[in-house]
Asks: 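One structure is given below, represented as structure tokens, and several questions about it will come after.
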Amino acid sequence: MEIAKQRKPVNEFAAWLFDIASKWQKEWSSAHIFEPRVEPEKPKFFITAAFPYPNSPPHIGHARTYTIADAYARFKRMQGFNVLFPMGFHYTGTPILTMAEAVANGDKQLIDLFIEVYDVPPEVIPKLGDPLALARYFHNEAKQAMKEMGYSIDWRREFTTIDPDFQKMITWQFLRLKAKGYLVQGTHPVGWCPKHNMPVGMHDTKGDVEPEIGEFVLILFRLEGSDVYLPAATLRPETVFGVTNIWLNPEAEYVIAEVDGSKWLVSAKAAYKLGFQKLNVKVIEKIDARSLMGKRVVNPATGEKVPILPASFVDESTATGVVMSVPAHAPYDYAALRDLLQNPEELKKLGVDPEELRPRPLIRVKGFSEIPARDIVEQLGVKAQEDRSLLDEATKKLYSSEYHYGYMRDDIIEYVYRDSPSDVRRFIVAPVKAWIAGRSVPEAREATRAWLEALGYADKMYEILNKPVYCRCGTEVVVKILHDQWFLKYSDPEWKAKAKELVLTMRILPEEMRREFLNVIDWLQMRAAARTRGLGTPLPWDPSWVIESLSDSTIYMAFYTINYKLRQAGIDPEKLKPVFWDYVYLGKGDVEEVSKETGVPVKLLKELRREFDYWYPVDSRHSGRDLVPNHLTFFIFNHVAIFPRDKWPRQIVVNGFVLLQGKKMSKSLRNIIPLRRAIRVYGPDTVRAVLLSAAELLQDVDFTHEVALSVMSQLRSIKGIVEDVAKTELHGGAERLADRWLRSILQDRIEAVTNAFENLRLRTASIILLYEMPKDVKKYFTLLGGGKPGSVLKDYISAWIRMLAPIVPHFAEEMWRILGGEGFVSTAAWPVPHADMRDPFAELTVYYADRVVEDIKEILKLAKISRPRVIIAVSKPSHWVLASAVARGQLDRKAMKEVIRSIMPLIPREERKEAAFKARKLYEALMPVDRDVKALIASMKEFDEKKALEELKDYIKTLTGAEEIVIVYLDEAGDKVPRQKARAAVPLRPAIVIEEAGSSDGDSRQAHGS
RNA sequence: GCGGGGGUGCCCGAGCCAGGUCAAAGGGGUCGGGCUGAGGACCCGAUGGCGUAGGCCUGCGUGGGUUCAAAUCCCACCCCCCGCACCA
């Protein structure tokens, strides 16, 4: 079924689920049960999930994090915590702007996407051209969807990041960060549209391409006899020692430009681009590259004078259009040189001796000769420098090999200023000898760059690596260097240390993520904290910058604790000066003074402080795993920077994504299911249950139609059970084995589900609740064999429905009502397991019977018996001591011999030989048994197997289709049981013989094994 | 490259951290049966191989190792996916 096209409820049950959901949402809302207030005597639990960015409607992928947070909130609430679960909306940033601009410009593709995929009504489209209107519209969509999902959110605390009071808080946060020295200024390269005069990110480019910025090192070769430099652009500065010549493209346009005071010869295009990167760039004159051929330039690393030569492969639009030629290690250079050498006349005209162009080995790398570029060019069969794809491949291969396995030869120092006087030379050579020669390529690269830079012969130029990238307006994107960019100094060692301290002490789920957080903290460096445009809060000390969106959403959770009261009091945001926040968030300052300075009443200040102090810190922070390397890590950094330790977050919960029918949801595939549509098609509880049950936390959920149907069919059958039980007259007499078993197993279920919830293993919890527990009930009825259910069933169902409530709250409310439960199940008490209600005898009996059933079925599969009479010969009760002792021994990890030795004294002397044999058999038989069962066996002092099976005779009959079951003790079985079988039988492994019923004892058509 | 996640039966996917009811949950598909005029939906059963007695053999990316016992622990290797920054 084409899930993405479905618009109507898939069936009546889905429609019913949707209807009851609306009903219960209204009831919850009018009862205000999700609007907590400070209750000092009650333990609080503050849960937040990453708020949405409303630039498009929410889809089922967004819903996963919220559903997890909500289920957890509901669980904690039922456990008796005072739970606060609020929600806000993130307006900060540029995508809303570009999205609205595209709508305003009539972007057909986008509008079509909105209407066809996102179900935006066509009449709404025109107003989405305005960024704020667009944000408001999708904000409202998200909010409605969240309500329709039944999230237990306290909506009184909703806000957006462009609300003036919130902006005051951000202003305070940034002033504090600056005061701590965590905000610094520096330069920063960005993708830039020269026409818009604005930075461009992925959202602003044609085809949504992220402009990748790379850094070239420019090595300045001075043109002999002039003050003009040729800045050769390279990614491999360490190869400068082997430069044989400089390449220029004779067909390209070159200019001499004055760049920050010096004269550079670069391509015309490079001059244009450098204009965005250097302070002052002025083109002085055009130059015909042909006129430069044969002229000499000085290699600043060696002092050698090398010729300028023509090469067609040189791309004038990449970096400077000036290339240094290192034929030994660069396939392009090798190929171009080879082309040139085929025309010695031409070289001669230029005054170049082919001998001086001989490739010079610089790097030793295993698997290659001295001239690796030649190896690879010949190996790949490169014919000329125009063989671009082959040469690109060659370059990539060689580059990678040399980078990872290459070492600089020691003799490179030979080339360094060999014509200089020896005392001068020693001085120049020293750093090369110390830091470059003999070093690995990565080390040498860095050292060479630093060395040349220190000498004033190196510079850098940024380039778009995946060029051309075009702005939406059609202009090609260039790299612009922003001067005076503000950075958050996440590189600060003390700050890092504190962040790590938090990561190491807080709870992180799943645990694997802790390591990732530590790694992120390690490599995080400077982070641009402000940008030139977009919605958001101006930087307090320089309003021409807007605080960047990931930087204004790091401690916003604190705002939820007070904004409701703050707004209720109608305080003018202008009054929310830094001292206000210092007092409310940090308890700093004198309340009277703060009141006087801000005009906020003392009483309110104190109340706000109390609210914050009660609710903070965040007890659980939820988000998708994509936010780990950014938002969540910034969340950690900013908390440790701003707040004292007792207000640091306690827990982070990270979840994976949502796939649709096994595929990633994407705009291009148009397979995005808006949340509100899914809610209508399947019912909110179905969507919730699928999102929670289809994968464990970190795995991706695959949302499929089939799974949704499966969930619905489970819910439907649970509904059937509940309705039946509500109507059924219960058995009034004494408890039977089945009753005891159900009560016992219930305790186990409660414990397992509770434990799963505590650890956010919601898939485990959901599977027990949706799939295992119905099986219990079914089994209970089988065990009853037609008898009336006991009152334990009501207890079981009651606990079950309560545990279902966090997963499928509307459904649970409806079931709770049918059961006659008091109030809302959403606020009912979470069930608690009672160890004293465990009944080992009942559990072991059922376990034992089930194993016997399995064995009987196995035998019946092979033996062709039409009307089976099953004779089960069990061990006598006095042998039980063997079973419990062996189980105990295995639990204590004792070896067989040891166990047997310890049992012997318990056995009468004359039986010891047989008992030892049985014990050995038992040891083998129990070896593979689950620990829980072993514990069960060990805990039982006595166990009469005959009595146990007699209780469940009908049960065994039903399950095996046996016509007759005869249970005897082994030593009373006589010749009914072959000796071999009798000998092999041990406690819990009875001898089973099956024969044709109807036949008399004497001529049983029993088939014997070998 | 660095960092993270992962490779399980026809497919998807649990199990692995705490080794043993693991030939391996659950779903899908397929096959058989029930139901039905037929189908759908639904229900039951089967779904590595062998076996006329509850068993044996082969199996969880590849190759080694530890152990009475390994899908699970250790070592090496191969392969796949994601992130790497100013973007929410």
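Order of the sequence lines sets the chain letters (A, B, ...), proteins ahead of strands, with each chain counted from 1. Note that these values count all heavy atoms, side chains included, but never hydrogens, waters or copies made by symmetry. Just so you know, these numbers come straight off a predicted model, no measurement behind them.
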Asks: So, does A:Arg531 get its side chain near the phosphate of B:rA85, meaning an N or O under 4.0 Å from OP1 or OP2?
Replies: no
Asks: Taking the C1' atom in each of B:rA71 and B:rA18, what is the distance between them to the nearest angstrom?
Replies: 16 Å
Asks: Base of B:rA88, side chain of A:Asn55 - is there a donor-acceptor contact under 3.5 Å?
Replies: no
Asks: Are A:Arg716 and A:Phe13 in a cation-pi contact, defined as NZ or CZ under 6.0 Å from the six-membered ring centre and within 45° of the axis?
Replies: yes
Asks: Within the 4.0 Å heavy-atom criterion, would you say A:Asn630 contacts the bases, only the backbone, or no part of the nucleic acid?
Replies: base
Asks: Among the nucleotides B:rA88, B:rG26, B:rC86, which one has an atom lying closest to any side-chain atom of A:Lys775?
Replies: B:rG26
Asks: Please tell me which of A:Gly191 and A:Leu698 maps to the more 5' nucleotide of RNA chain B, matching each residue to the nucleotide holding its nearest heavy atom.
Replies: A:Leu698
Asks: What's the closest nucleotide to the A:Leu550 side chain, out of B:rA88, B:rG26, B:rG54?
Replies: B:rA88
Asks: If you take the centroid of each ring, where Trp contributes its six-membered ring, are A:Tyr182 and A:Phe637 closer together than 6.0 Å?
Replies: no
Asks: Is A:Lys778 close enough to B:rC44 that one of its side-chain N or O atoms is under 4.0 Å from OP1 or OP2 there?
Replies: yes
Asks: Contact class for A:Pro990 (heavy atom, under 4.0 Å): base, sugar-phosphate, or nothing?
Replies: base
Asks: Reckon A:Ala984 touches a base, only the sugar-phosphate, or nothing at all at heavy-atom distances under 4.0 Å?
Replies: nothing
Asks: So A:Tyr847, base contact, sugar-phosphate only, or nothing? Heavy-atom distance under 4.0 Å.
Replies: base
Asks: With a 3.5 Å cut-off and no angle check, do the side chains of A:Glu945 and A:Tyr848 form a donor-acceptor pair?
Replies: yes
Asks: Yes or no on side-chain hydrogen bond (donor to acceptor under 3.5 Å, both in side chains) for A:Asp552 and A:Thr537, after CA distance, side-chain angles and deciding distance?
Replies: CA-CA 8 Å; A:Asp552 82 345; A:Thr537 304; 4.8 Å; no
Asks: Taking only N and O in the side chain of A:Thr94, is any of them less than 4.0 Å away from OP1 or OP2 of B:rA88?
Replies: yes
Asks: Would you mind telling me which of B:rG5, B:rC17, B:rA88 lies closest to the side-chain atoms of A:Arg625?
Replies: B:rG5
Asks: It should be established whether A:Arg515 places a side-chain nitrogen or oxygen under 4.0 Å from OP1 or OP2 of nucleotide B:rG4.
Replies: yes
Asks: Would you check if the distance from the ring center of A:Phe89 to the ring center of A:Phe138 is below 6.0 Å?
Replies: no
Asks: Distance check, C1' atoms only: B:rC60 and B:rC11, in whole angstrom units.
Replies: 16 Å
Asks: Could you please name the partner base of B:rA71, counting Watson-Crick and G-U wobble pairs only when both distances are under 3.5 Å?
Replies: none
Asks: Give A:His188 one of three labels, base, sugar-phosphate or nothing, depending on what nucleic acid heavy atoms sit under 4.0 Å from its own.
Replies: base
Asks: How is A:Gln485 classified with respect to the nucleic acid when contacts are heavy atoms under 4.0 Å: base, sugar-phosphate, or nothing?
Replies: nothing
Asks: Would you mind telling me which of B:rC12, B:rG54, B:rC87 lies closest to the side-chain atoms of A:Asp702?
Replies: B:rC12
Asks: Look at the side-chain N and O atoms of A:Ser549 and state whether any lies under 4.0 Å from the OP1 or OP2 oxygen of B:rA88.
Replies: yes
Asks: Within the structure, does a side-chain N or O atom of A:Asn519 lie under 4.0 Å from either OP1 or OP2 of B:rG4?
Replies: yes
Asks: Closer than 4.0 Å, any side-chain N/O of A:Arg989 to the OP1 or OP2 of B:rG55?
Replies: yes
